[in-house]
Amino acid sequence: MTEQVDSRPRTLAHPGIPGLWIALFSSAVFGISGSFASSLLEAGWSSGAAVAARMFGAFLVLLVPAVLALRGRWSSVLSNWKPILLFGVFGVGVCQFAFFQAVGRLNVGVALLLEFMAPVLIVLALWANSRRMPKPLTITGTLLSLGGLMLVLDLAGPQKIDVIGVLWGLGAAVGLAVYFFVTAKANESLPPLVLATGGLLVGALLMLVFGVTGLLPFTATFGAVGFAGFETSWWVALAGLVLLSTVLAYVSGIMAARALGSKVASFISLTEVLFAVLWAWLLLGQLPAPIQLLGGVAIVAGVLLVRADELKSP
């Protein structure tokens, strides 16, 4: 991949819908996944079971639309098996698995911060591939966004760091970086809907392998869960996790990455943390602190700097 292919903005099939807004929408629906998942985990679901149900459920929802989007061109799936496999294994399976492994050893905030080192990895990868140092605006935006992310996560205070946990967190970052590289590559023969569907199936199967081999525990309960200040059925939380935070999130995320390129899309994804904080405030009553709001402003400012750098590129 070259920097030109991966990082330049592209035109969407629907030019009236800016890629920036689609990327923000994707971050918003990705961000609500924590609130849905939290209600399931507190009710007795294991992380492995929740992730597998999320992926399989989303695959089933997208299957019919994906088949219709193919219009009988099954050869395009076979010819694009590599991006589908990379997306499913790394962007879905490894990213989710490594993150949950990191959470088992680290504070959730630290694990999330490590996962969202992905934009930095992308900048470094593009730098190594092109052998050209990133422009000052991109460097400034990188530092500003990461600083804002630390404020949003509110990591103040002593943190006990586990080296193995840090490695798992960085593994999640690698998976997320691969997700952006794969989804940002222009591919007219592979509709975003088909890529998302195939990748979710691959990721779900990988999670099942982790469960069968005992790498992740698989437990689930089927009673009431606490959500948004009241009790509701477990399937309501799971449906929200599948439909909003997976189906809409992944499809819109792929569209945004193809429109904006891997670098810009990955930086905008940092707003997912801010959205996660806001959703937790609205649905779980966890009020964000002023320092987190300040971090959100820093993230947005960093994204705007990187975006401005992209628009200045010839």
Original post:
Residues in side-chain contact (heavy atoms from CB on, under 4.5 Å) with Ala301, at least two apart?
Top reply: Leu144

**OP:** Go through Leu86 and Tyr179 one step at a time and tell me if the side chain to side chain contact (heavy atoms under 4.5 Å, CB included) criterion holds.
**Re:** CA-CA 8 Å; Leu86 286 174; Tyr179 162 84; over 6 Å; no

Original post:
If you look at every heavy atom in Gly203 and Val92, which pair is closest and at what distance?
Top reply: CA-CG1, 3.8 Å

Original post:
Below 4.5 Å, heavy atoms only, C-beta onward: do Val182 and Phe90 meet side chain to side chain?
Top reply: no

**OP:** Could you pull out all residues at least two apart from Ser233 that satisfy side chain to side chain donor-acceptor pair (under 3.5 Å)?
**Re:** Trp235

Subject >> Residues that Phe59 engages under ring-ring contact (aromatic ring centres under 6.0 Å, His included), provided they are two or more places apart >> reply: none

Original post:
Is the count of non-hydrogen atoms from other residues, nucleotides or ligands lying under 6.0 Å from Phe36 atom CZ greater than 12?
Top reply: yes

Subject >> With sequence neighbours excluded, residues passing side-chain contact (heavy atoms from CB on, under 4.5 Å) with Thr221 >> reply: Ala43, Trp45

Subject >> Test item: Leu62 and Val251 side chains (from C-beta on) under 4.5 Å apart, heavy atoms >> reply: yes

Original post:
Can you name the ring-ring contact (aromatic ring centres under 6.0 Å, His included) partners of Phe97, sequence neighbours left out?
Top reply: Trp168, Phe210

Subject >> Non-neighbouring partners of Ser245 that pass side chain to side chain donor-acceptor pair (under 3.5 Å), sequence neighbours left out >> reply: none

Subject >> Remaining members of the apolar cluster that contains Val209, side-chain heavy atoms under 4.5 Å >> reply: none

Subject >> Partners meeting side-chain contact (heavy atoms from CB on, under 4.5 Å) with Val61 (sequence neighbours left out) >> reply: Val242, Leu243, Val247

**OP:** Look up atom CZ in Phe87 and atom CD1 in Ile84, then write down how far apart they are to the nearest 0.5 Å.
**Re:** 10.0 Å

Original post:
Is a side-chain donor or acceptor of Ser46 paired with a backbone partner of Pro217 at a separation under 3.5 angstrom?
Top reply: yes

Subject >> With Phe275 via ring-ring contact (aromatic ring centres under 6.0 Å, His included) - residues at least two apart >> reply: none

**OP:** Calculate, to the nearest 0.5 Å, the distance between atoms OG and CD1 belonging to Ser27 and Ile22 respectively.
**Re:** 12.0 Å

Original post:
In chain order, what residues pass the side-chain contact (heavy atoms from CB on, under 4.5 Å) check against Leu85, with sequence neighbours excluded?
Top reply: Trp81, Val89, Val202

